[in-house]
Amino acid sequence: ESGQKFKNYHNADGTAKSLSNNNIFDIFEDRQNTVWIATYFGGLNYVLPQNSRLEHISTSSPIGQRLFSNSTIGLLDFDDAYWIGTEDAGINILDKKTKKISQLETYNANYNIRDLFTRNGKVYVPEFGTGYSTIDLTTLHTQQHPMDSVIMSNKNVVFGMIVDRKGDLYLGTRAGPFNIKNDQKAMPITELGVSVWVDFKENSKGDIYAKHHGGSLFIKKFNTNKFEKITLKSIEDFFIDAQDRIWLSSENAIYKLDAKNQLIKVKEFTGLKPLRLAYFNDKLWITSIEGLIIYDPQNDYTNSLTKEDGLPQTNLMEARIKLSTDNKIFLLTPQGLIFFDPLTLTFNKSTPEVSLNDILLNNNRSILSRLQKLNDHSYKIELAHNENALTLTFGSNNLLKPNKNKYKYRLTGTDEPWIETTQPIIRYTNLPRGEHVFQIFTSNNDGTWSKEPMEINGCELTNLCV
């Protein structure tokens, strides 16, 4: 456990109950809320909901209860068994009663599985180099569907696929995206272009969304035949929430789509690139290089969770984010798995105040004694015409995780717009003559900002006034 809020499972050499391998392919949650962690080279790990204890299943497990491969790809939860997809040993069947593991005999164990999912009484298996397979859940009859006659051709490398409610297939391959209707020939989805990798998602209405890897977003409405391009921007990630609203991360901002699929900017993050995102409890949860960003669109509240808050790392640039069925948040990182219950998080809502520590002239002589207080938040200072190089140092009265305190300042006539910083020092050189007002806000460790700025106001001298 890392901190009081977050649980962190990672591989620790010599520790039996640590994560078997940090190279996580995906996570899955069964009907009992057990979390299964599929790794590339460490087999399966699972976390029991009642005690959060980590257990392993691998090729080193007891005979009869061991996997046939440690490269696990996918998992399906059925009434009597778990189906486990592997990269080089077919589909392994874990019997829930006996705990015995066997291979699905009707499926070719030599196929390289990329995913497993089920719909309409079938299991669909996209494969690397051989197209895809379908398995009838009643008879276990398996049918292999090569996309091309040449094994390992680009068309046969299927990275992912979905099946819509009508039974139509959408496949992302190395040769581009394809659509299969009524078990007919696979046809290229020409309006999506020749993209090596396409992410398909379906909303509750049956609409299909398709995103190029780092590209544009398209939509195919239910009962229509064509995808339409709905964004021109380079999309990093998109998320469909419980109300079928679409949230997108792109460049340095978060967007959403309105009812007419027009792009609306929700929040801009200056100097920060939002990456993967999810929406839960009226908030956006966004991975970034500076931690996990929490953004509430209703009141424009922003906070970021970092190593200071108990995360095992601040840089989440390579993390993937997922929601569980019981609304826990999972972060899949190259250093292991992090998960937490967002409803248990508490935040510092105390309103901070900024304090001025010193004003230095030419970076060496203090002139703080010349400051005249006008009220609790307002001051003025008089400067001669040649006193135009100032250094201001300041602080905050928030002492809880003070390394997360932030400041937002501007000098009218010089700084437009507001400048945000974590450093409690500002330097101005060659200030222009005239009247200026310096204003500064501070925020505490959880993003609550002071209500009023501290101000150093203009003066009545004929030369330089600050």
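The figures here come from the full heavy-atom set of this structure, side chains too, leaving out hydrogens, waters and symmetry mates.
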Student check: side-chain heavy atoms of L257 and L217 closer than 4.5 Å: yes
NZ/NE/NH1/NH2 to OD/OE distance under 4.0 Å, R276 and E236: yes
Write down the atom of S450, the atom of P352, and the distance for their closest heavy-atom approach. CB-O, 3.0 Å
On a heavy-atom basis, the closest approach of S71 and F41 is OG-CD2, 3.9 Å
E29 side chain reached by K322 side chain, heavy atoms, under 4.5 Å: no
Are the side chains of N45 and I24 in touch, meaning some heavy atoms are under 4.5 Å apart? no
Please tell me if the side chains of K373 and K380 come closer than 4.5 Å, counting only heavy atoms from C-beta onward. no
Measure the shortest side-chain to side-chain distance between H212 and L192 over non-hydrogen atoms and say whether it is less than 4.5 angstrom. yes
Looking at every non-hydrogen atom in both residues, tell me the closest pair between T59 and L67 and how far apart they are. CG2-O, 3.4 Å
Can we call the ring centroids of F280 and W285 under 6.0 Å apart? no
Using modelled atom types only, decide if a donor and an acceptor are shared between the side chain of N11 and the backbone of S20 within a distance under 3.5 Å. yes
Donor on one side chain, acceptor on other, D30 and Y82, under 3.5 Å: yes
Heavy atoms of R174 and F128 approach each other most closely as NH2-CZ, 3.5 Å
When you check the gap from the basic side-chain N to the acidic O, do D296 and K267 get nearer than 4.0 Å? no
No-hydrogen, no-angle side-chain donor-acceptor test under 3.5 Å, N363 and T391: yes
Is a salt bridge present between D77 and K96, judged by a nitrogen-to-oxygen distance below 4.0 Å? yes
Nearest 0.5 Å, please: how far is CD1 in I73 from CG in D26? 9.5 Å
Non-hydrogen atoms of G43 and T39 that approach each other most closely: O-OG1, 2.8 Å
Distance-only, no hydrogens or angles: does the N444 side chain make a donor-acceptor pair with backbone N or O of L400 under 3.5 Å? no
Salt bridge flag under 4.0 Å for residues K349 and D446: no
With under 30° as parallel and over 60° as perpendicular, where do the rings of Y407 and F394 fit, or are they tilted in between? perpendicular
Could you tell me whether the side chain of N21 reaches within less than 4.5 Å of the side chain of H56, counting heavy atoms only? no
S304 side chain to L292 main-chain N or O, any donor-acceptor pair under 3.5 Å? no
Counting N and O atoms only, with roles assigned by atom type, does the side chain of R119 sit under 3.5 Å from a partner on the main chain of V163, one being a donor and the other an acceptor? yes
Without swapping roles, check the side chain of R320 against the backbone of F330 for a donor-acceptor pair under 3.5 Å. no
Are any side-chain N or O atoms of T412 and backbone N or O atoms of V437, one a donor and one an acceptor, separated by less than 3.5 Å? yes
Y295 versus D300, side-chain donor and acceptor atoms under 3.5 Å: yes
Closer than 3.5 angstrom, by distance alone: can the side chain of N405 be matched with the main-chain N or O of N398 as a donor-acceptor pair? yes
Given K404, which partner from the list N348, T422, T306, D309 fulfils the side-chain hydrogen bond (donor to acceptor under 3.5 Å, both in side chains) test? D309
Between K265 and K256, is there a side-chain heavy-atom distance shorter than 4.5 Å? no
Nearest 0.5 Å, please: how far is CG in L75 from CD1 in I27? 12.0 Å
Test of ring centre spacing under 6.0 Å for W449 and F441: no
Closest non-hydrogen atom pair, L116 against W83: CD1-O, 3.9 Å
